[in-house]
Amino acid sequence: MHWADHTAQTLRDRGGSQVIASGITPSGEFHVGHLREILTAEMIHRACLDAGMDSRYIFIVDSMDPLRRIYDFLAPSYEQYIGHPLAYIPAPGPDGEPDPDGGSYAEHFLGPFLEALREIGVEPEVVMNHETYESGAFADKTHSAIEQRDEVRQVIEEVSGREVPEDWFPYNPLGSDGSLDGVRVTGYEHPHVHWVDSHGVEGTSDIRTGQGKLPWRIDWAARWGIHGITCEPAGKDHGAAGGSYDTGIPICEMLGSQPPHKMVYEWIQLKGMGPMSSSTGVTVGPMDALGLVPPEIMRYVIARGKVGRHIDFDTGPALFQTADEYERLVAEPPRGSDDDLSRRQQVARDTQLAALRLSQVERGSDPADSIAGVSFRHLAMLAQIKSNDDDVWDSLRRSSHLDGEPSDALTGRMRRMRNWVDGAHFPDAAKIVVQSSVGEEAHANLTEAHKEFLSALSKALADCEWTDAVIADCIRATIAEVGIGGRDAYVALYWAILGKHHGPKASSLMAEMEGEHLLSLISET
RNA sequence: GGGCCUGUAGCUUAGUCAGGUAGAGCGCCGGGCUUUUAACCCGGUGGCCGUGGGUUCGAAUCCCAUCAGGCCCGCCA
C-alpha cells in the first residue's frame, strides 16, 4: 500500500475528522525541502479524502518567528530587525533595503510561495501564526505551560538531553523595541507576563495578544491542540530522537490535547546538472525547479518514493528518466486481478496506481490529461528545433499528437521545457547540435553505400520545397532510388548532420536548418 | 559523544514490519519493424541482496558486530 493511503488508514483508526498540517518559516529561503514538506502532507490529506474521510489541510505560516540573521538578499540595515517577528517587519525591496510599501516580510515571501503551490495543485487553508497569537487562541495553552513550567522543563531536559537555562520561561515576550531577543521574564500574574528587556526597560505582555510567543518546542505542541492537528509530517531534524517531535508529544498531552500521528520524512536534495553545482555556482531553488519541471512530475518524484527515503531530485539527464517512467505508468497502468498476481505484485500494483493518482495536479483527474498527448522527450526535441510555439503546435497536429488548440497542460509543459532546454541544467547529451562540418568520427562511420545515398540526396534536395513533409518525401524517394536500407539511410543522415548515429525525426530537423548548410554537410561526404 | 536514514544488476529500485528458491524499469546485446516522434515490438545478458558472525531445517528479511554514504542533536523541512 502507498504510504499516503497507509497513513490515512492509521488516521482512520484514530477516528474523528482529520487535520493534516504543514508549517514553514517564511524567512525568504524557499527551497525544495519545502516542497517535500508540503506535498507529503497534502498527499496524506488527499488519501484521506479518497478514502471517504473528513479531512482539512492547513498550512501554518510561522510568521511569529523572528528574523534570525541577515540573509544574502538583505541589506545590512536589517540588523535592526533581527529578533523581530517576521509578521511585524517590512519586506525587502529589490535592493534588499526595507521597503515601507512592500507589506510585511512574512507576506512578501508568502505570495509567490502560495502561487507556486497552486501550480502543483496544492491549495491549503493558510494560517498565519501571528494572527493565532493575536486572536488569543494561544492563551489557554500558554497559561497551562507557564503553570507547568517545571514539568515542561523536565520533559525537555529528559527527552532532548539538553540543559535548559535556569531563567528559562515557557513564554517569550516582545521587548520594548519589538524584539524577542534578550527579554528576561520577571514574573507572571495571569494573564500578564512581566519582563525586562536588553535595554533595561521593564514591561508587561498580555498572553491573550501578540505581545510574545511560545518557544518553538512548546509552540508546536500547543498548536497541535489548538488546530486539532492529527498528522503533521516533519523533517528528520524535528523527528530525530530527542528532537522537537519527541518533546512535543508529551508536552501536547500536558497541555490537554491528543498529539498527532508522528511522521518523519527524509530530506530531498536538488541535484543540479552533472558536475558539482557548488563549483560551477549553479544552484536551483524550488521556484526554478517548478519553472523547469512539469508539476505532475514534481509530485511524482515525491509520490513514488518512500517517506523515509532520501531523494535526489535531479534536474539533469535523470529528468528524462523520471518523465519516461511517469509516462509509461500513465500509458500502461499496472493491471491484473488479485487471483493472477502474487501478493508482492498486488502491492506493487496498488502502490504504483496510488503514486499515479496522487501525482495529479487536480485531484481525481485523468492522468492521461497531464501528458497532453506528447511525450516529454518529443517535446524536448521540438523545443530545440522549433523556435516558435505555433510551429510546434503545427508539427504536433501533422503528427496527430494534437487536435485543435493546445491545452493548458501542453502550453505549460512547453513553457517549462523551453526554460529547461535554454538553461544550464539541460544535459549536453540531449542537445541537438548541428555539425558545422562532418567530423572525423562521422567520416569513419560512413560506408560507401551511405555516401552514395547522401550524394544522391543532396542533388534531390537542391531544388526541393523546404518543408518538413516535402523533405520527408524526398528522402523516401531517394532511398527507393538508391536502393539503400531505410535504417542505413537515416543513420548516414544523422552522422552527417549531428555526428551521431541516431537523432530526432530527420525531416523535421532538416526543415529547421538552413538549406545551404545542410547541403554542404551531406555533399561533403 | 548520542541518535536517525540508506547500502539489492552498469543506473533507479521492489521485496525487510508478519523468514521459505531474488522481482521490475532503464541501459546494454541480438533480432524484427518495406523504411526513425532519440519511437515501437520480441528475445537475451546481467545480482556470493555492503562485509563478518549468530539464530533457524531455511535469512536480503530476525539478532550482534563492522564498513561506507547521507543527515540530525544550534527554532534551517
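When reading the values below, keep in mind they use all heavy atoms of this one structure, side chains included, and skip hydrogens, waters and symmetry mates. Note on naming: letters A, B, ... go to the chains in the order of the sequence lines (proteins, then strands), and numbering restarts at 1 for each one.
For the pair A:Ala506 and A:Gly23, both in contact range of RNA chain B, the more 5′-proximal nearest nucleotide belongs to A:Ala506. Mapping A:Gly235 and A:Ile479 onto RNA chain B by nearest heavy atom places A:Ile479 at the nucleotide closer to the 5' end.
The pair A:Lys213-A:Asp62 fails the salt-bridge criterion, with no side-chain N (NZ, NE, NH1 or NH2) lying under 4.0 Å from an Asp/Glu carboxylate O. In summary, A:Arg46 and A:Glu42 engage in a salt bridge, as defined by a charged side-chain N under 4.0 Å from a carboxylate O. Between A:Asp324 and A:Arg328, none of the side-chain N atoms (NZ, or NE/NH1/NH2) sits under 4.0 Å from a carboxylate O, so this pair counts as no salt bridge. Ionic pairing of A:Arg377 and A:Glu327 is not present here: no N-O contact between side-chain nitrogen and carboxylate oxygen is shorter than 4.0 angstrom.
Picking from B:rG25, B:rU35, B:rA77 the nucleotide with the shortest atom distance to the side chain of A:Trp267 gives B:rA77. Listed nucleotides B:rC75, B:rU36, B:rC5 differ in distance to A:Tyr494; the shortest reach to its side chain belongs to B:rU36. With distances taken from any side-chain atom of A:Arg328 to the nucleotides B:rC26, B:rC75, B:rC5, the minimum falls on B:rC26. For A:Val491, taking side-chain heavy atoms from C-beta onward, the closest of the listed nucleotides B:rC5, B:rC75, B:rU36 is B:rU36. Candidate nucleotides B:rU36, B:rA38, B:rA77 were compared by shortest atom distance to the side chain of A:Ile432, and B:rA38 ranks first. Nearest to the side chain of A:Lys213, among B:rC75, B:rG70, B:rA77, sits B:rC75. Distance from the side chain of A:Arg377 is smallest for B:rA38 among the nucleotides B:rA38, B:rA77, B:rU35.
Counting only distance, with no hydrogens or angles, the side chain of A:Arg217 and the backbone of A:Thr247 share no donor-acceptor pair below 3.5 Å.
Residue A:His34 places at least one side-chain N or O closer than 4.0 Å to OP1 or OP2 of B:rA77. Using a 4.0 Å cut-off, some side-chain N or O of A:Arg309 falls inside it from OP1 or OP2 of B:rG7. For A:Lys306, a side-chain nitrogen or oxygen approaches OP1 or OP2 of B:rA14 to under 4.0 Å.
Look at the P atom in both B:rG23 and B:rU45: the space between them is 14 Å, to the nearest Å. Using atom P as the reference point in both B:rG69 and B:rG53, the two lie 23 Å apart (nearest Å). Using C1' as the reference atom, B:rA14 and B:rG52 are 26 Å apart when rounded to the nearest Å. Comparing B:rG70 with B:rG50, their C1' atoms sit 15 Å apart, to the nearest whole Å. Annotation: B:rU66 and B:rC57 have their P atoms spaced 28 Å apart (nearest Å). Distance noted for atom P between B:rA9 and B:rC48: 8 Å (whole Å). Annotation: B:rG7 and B:rG54 have their P atoms spaced 24 Å apart (nearest Å). Atom name C1', nucleotides B:rU21 and B:rG47: the rounded distance is 15 Å, in whole Å.
As rounded to whole Å, 11 Å separates atom C1' of B:rC76 from atom CH2 of A:Trp216. Across the protein-nucleic acid pair, A:Glu327 atom CD and B:rC40 atom C1' stand 15 Å apart, rounded to whole Å. The nearest whole Å value for the distance from the NZ atom in A:Lys262 to the C1' atom in B:rC5 is 13 Å. The CG atom of A:Asp324 sits 14 Å away from the P atom of B:rG25 (whole-angstrom rounding). Between A:His378 atom NE2 and B:rC40 atom C1' the separation is 15 Å, expressed in whole Å. Rounded to whole angstrom, the span from the CG atom of A:Leu67 across to the P atom of B:rC75 amounts to 15 Å. The CD-P distance, from A:Gln321 to B:rG10, rounds to 16 Å in whole Å. Distance A:Ile20 CD1 to B:rA77 P: 20 Å, rounded to the nearest Å.
Residue-level contact check: A:Gly308 touches the backbone only, with heavy atoms under 4.0 Å from sugar-phosphate atoms and none from bases. A:Arg476 comes within 4.0 angstrom of nothing in the nucleic acid, heavy atoms only. A:Glu325 comes within 4.0 angstrom of nothing in the nucleic acid, heavy atoms only. Base contact: A:Ala430 has a heavy atom under 4.0 Å from a base atom. Residue-level contact check: A:Ile268 touches the bases, meaning some heavy atom is under 4.0 Å from a base atom.
Taking the six-membered ring where tryptophan is involved, the planes of A:Tyr245 and A:Trp224 are tilted, since the angle between them lies from 30° to 60°. By the 30° and 60° cut-offs, the orientation of the rings of A:Tyr133 relative to A:Phe138 is parallel. Ring geometry for A:His130 versus A:Tyr88: interplanar angle over 60°, hence perpendicular rather than tilted (30 to 60°).
In a base pair of the Watson-Crick type (N1 to N3 plus N6-O4 or O6-N4) or a G-U wobble (N1-O2 and O6-N3), with each distance short of 3.5 Å, B:rU61 is matched with no nucleotide. With both pairing distances under 3.5 Å, B:rG44 is matched to B:rC28 as a Watson-Crick or G-U wobble pair. With a 3.5 Å ceiling on both atom-pair distances, the Watson-Crick or G-U wobble partner of B:rG1 is B:rC73. Look at B:rG23: its Watson-Crick or wobble partner, with both distances under 3.5 angstrom, is B:rU13. In a base pair of the Watson-Crick type (N1 to N3 plus N6-O4 or O6-N4) or a G-U wobble (N1-O2 and O6-N3), with each distance short of 3.5 Å, B:rU36 is matched with no nucleotide.
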